[in-house]
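The structure appears below as structure tokens.
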Amino acid sequence: MSHNLWVVFRRELSSYFATPIAYVFIIIFLFLSGIFTFYLGNFFLRGQSDLLPFFSFHPWLYLFLIPALAMRLWAEERKSSTIELLLTLPITITDAVLGKFLAAWIFTAIALILTFPIWISVNYLGNPDNAVIFAGYLGSFLMAGAFLSIGSCMSAVTKNQVIAFVITVVVCLAFILSGFPMVLDFFSGWLPQVVIETISSFSFLTHFSAISKGVIDLRDILFFFSLMAFWLFATAILIEMKKAD
Amino acid sequence: METKVEIKQLCKQFGLLTAVDNISFQVNKGEVLGFLGPNGAGKSTTMKMITGFLTPTAGTVTIDGYDITKQPLEVKRRIGYLPEGAPAYPDMTTADFLDFIAAIRGLSGTKKRQRIADIVTQVNLNNVLHQPIETLSKGFKRRVGLAQAILHDPEVLILDEPTDGLDPNQKHEVRSLIKNMAQEKVIILSTHILEEVDAVCSRAIIISNGKILADGTPNELEAKSKYHNAVTITLRNSTHNQVEIRQALLDVSNVHKLETIEETAQTMTYQIYPKPNCSIVADISHCAREKQWEVIELHAEKGHLDEVFRTVTTQS
């Protein structure tokens, strides 16, 4: 990791905690994941000692929480003109894009780690397979990264955070829904099977649920990493192209 | 003298608009170059290209031998830049912000702390070190921006409207800061305050519609003024005939034109313009003595920079 990437990362991460963003995000994340798990997910009634109901709501939770986190990444730099300061400092675009992204990603990791009481509960109540739970956390973390990279790219397009938020939600929703039968049925009448399989292979749900069931397949991990690489690369190109707009 | 900044045929096009149109100039070490021009003249765009924020449509920027498009990091290391409006991260405190900049500039440990302490004293930020930047007044914000730009003691300092929005005292402080640094650096600053050029710049470039219209020392630019070497004379209105006096003044050698500013029962004031490149003040004072006029006031104008600025920028 280059020195400058580290400096950008550190500044960015501490800026979350310098404003109410961090606390609001973490509290709402914990609160909602609790509600989803215990009420909607019937955590107790299922009578099973695992965290499947907890993880299965993460894609939907991330759908609006992560874009809220990501929308400021570049849009705010543009709005406050600090982008001109940042990009005339002796750092590369890669340092800036990666540093900001990693800070946001580590921040979501912190929020994720703070859900540990639920892990303690399930261990207290029963005898869960902790390897599966670990896999769930890993999958959730990777999925958060993918959402964030999309958000980073959309935030680079505009200086308006609301627009960045809305577009990110839409794109992320497309990535979630692309595995749903109702979406695939819509295409299946008139598109060749290969295309439909490609569409469904882009679904976050498919890859995430595989990992969260404890099946850590290299292809699923690779899927998330290549998605992040793609969107971050697009972010860098967009920033380079329209940094002064 | 050592040429630090070299700009060759620089152009920037935004769609159909040509913001900067074939600009070339060089700046040597020790020079303070003032960039003058009306709003939208291309001053900021040029500075953004020099600092590597904008990519030129054509032309080159070379700092200390490094080309901004080929070796951007080498160039950016040598430049300190205060962008227009002095942007800084609003949620950071002054101390955290300077620490961040220092870290990016590769300073660390005691050297970093020492350097930050020096700069903080130099631009007077001690009282606001632990305040978030968003709570600072405009003057302090500008000073934070300035501190950020000079933190690594850059060879080339680029300041986009460094005194904009400051009160007269703050302006004076910033100007003396610039003057103190001038010897070892190249400083390029943009402004539309003309007194600033006289106060700090050793050279000025007037730019309008993306083109360089004039380039010279403030004195050279002032010499382009129609007021350059013009003489203003105020006489007591005694027995003398006004028409006679005016004629006598016009008869002085090299006098081009006479303008009556005021003729009252007590005094008469005239402005006398010389022919190009002539000085007439000695001859006029000689004439006044010879005719035994009662001179209340007599002075020669250096020329008005704002008048030159107006003439030059509205002609094109």
Side-chain angles (χ1 to χ4, degrees), chain A residues 1-25 69 72-100 103-104 107 159 161 236-245, chain B residues 12 14-15 19 44-45 47-56 66 68-69 71-93 96-108 112 132-134 141 144-145 148-149 151-152 154 156 158 160:
Chain A
M1 194 148 111
S2 91
H3 167 76
N4 286 336
L5 196 155
W6 169 245
V7 179
V8 172
F9 167 83
R10 223 175 39 191
R11 194 212 76 76
E12 199 70 22
L13 189 61
S14 64
S15 90
Y16 285 111
F17 293 95
T19 57
I21 296 177
Y23 308 101
V24 171
F25 182 89
L69 194 66
R72 53 186 291 285
L73 280 176
W74 289 99
E76 195 165 85
E77 294 269 355
R78 256 187 228 289
K79 184 135 209 192
S80 61
S81 304
T82 43
I83 190 167
E84 188 171 352
L85 180 83
L86 185 67
L87 297 183
T88 50
L89 289 171
I91 60 170
T92 59
I93 290 267
T94 317
D95 287 339
V97 169
L98 271 186
K100 277 171 161 291
F107 176 74
K159 71 166 120 183
Q161 299 198 19
I237 290 189
L238 279 168
I239 293 288
E240 185 71 60
M241 264 169 51
K242 42 184 288 165
K243 51 192 171 184
D245 292 359
Chain B
K12 182 71 192 178
F14 293 113
S44 290
T45 309
M47 292 186 146
K48 282 175 183 165
M49 286 193 279
I50 299 176
T51 52
F53 185 58
L54 286 179
T55 317
Y66 294 100
I68 184 72
T69 47
Q71 286 152 301
L73 291 190
E74 289 299 330
V75 171
K76 287 171 182 179
R77 266 183 212 123
R78 286 165 173 78
I79 290 184
Y81 178 37
L82 173 70
E84 197 175 0
Y89 291 104
D91 48 18
M92 295 179 100
T93 65
D96 286 344
F97 178 66
L98 292 180
D99 192 80
F100 163 67
I101 299 288
I104 288 242
R105 293 294 188 182
L107 296 164
S108 62
K112 177 167 86 173
I133 292 172
E134 62 192 342
K141 257 184 210 163
V144 171
Q148 162 276 122
L151 197 55
H152 56 301
V156 177
I158 301 200
D160 201 346

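Values below: all heavy atoms of this structure, side chains included; hydrogens, waters and symmetry mates excluded. These numbers were taken from a predicted model, which means no experiment stands behind them. Chain naming here is simple, since letters A, B, ... match the order of the sequence lines and numbering starts at 1 in each.
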remark   = Among A:Leu86, A:Leu85, A:Asp95, the residue with the most heavy-atom pairs under 4.5 Å to chain B is A:Leu85
task = Measure the spacing between CG of A:Leu13 and CZ of A:Arg11 and express it to the nearest 0.5 Å.
result = 10.5 Å
Pi-cation contact, B:Tyr66 with B:Arg77 (under 6.0 Å, within 45°) = no
message = I need the minimum non-hydrogen distance between B:Phe53 and A:Ile83, along with the two atoms involved.
response = CE1-O, 3.8 Å
ask   = What residue, out of B:Tyr81, B:Phe100, B:Phe97, has the most heavy-atom pairs lying under 4.5 Å from chain A?
value = B:Phe100
key: Choice from B:Arg78, B:Glu84, B:Glu74, B:Met92 maximising heavy atom contacts with chain A below 4.5 Å   = B:Met92
query = Are any of the side-chain nitrogens in A:Glu77 or A:Lys100 under 4.0 Å away from the carboxylate oxygens of its partner?
reply = yes
task = Would you mind checking which part of A:Ser15 comes under 4.5 Å of any heavy atom in chain B, side chain (CB onward), backbone (N, CA, C, O), both or neither?
result = both
inquiry  = Under 4.5 Å from any heavy atom of chain B, what part of A:Ser14 do you find: side chain, backbone, both or neither?
reply    = neither
Test item: A:His3 side-chain N/O and B:Ala103 main-chain N/O as donor-acceptor pair under 3.5 Å = yes
key: Proximal component of B:Ile101, with respect to chain A [non-hydrogen, under 4.5 Å]   = side chain
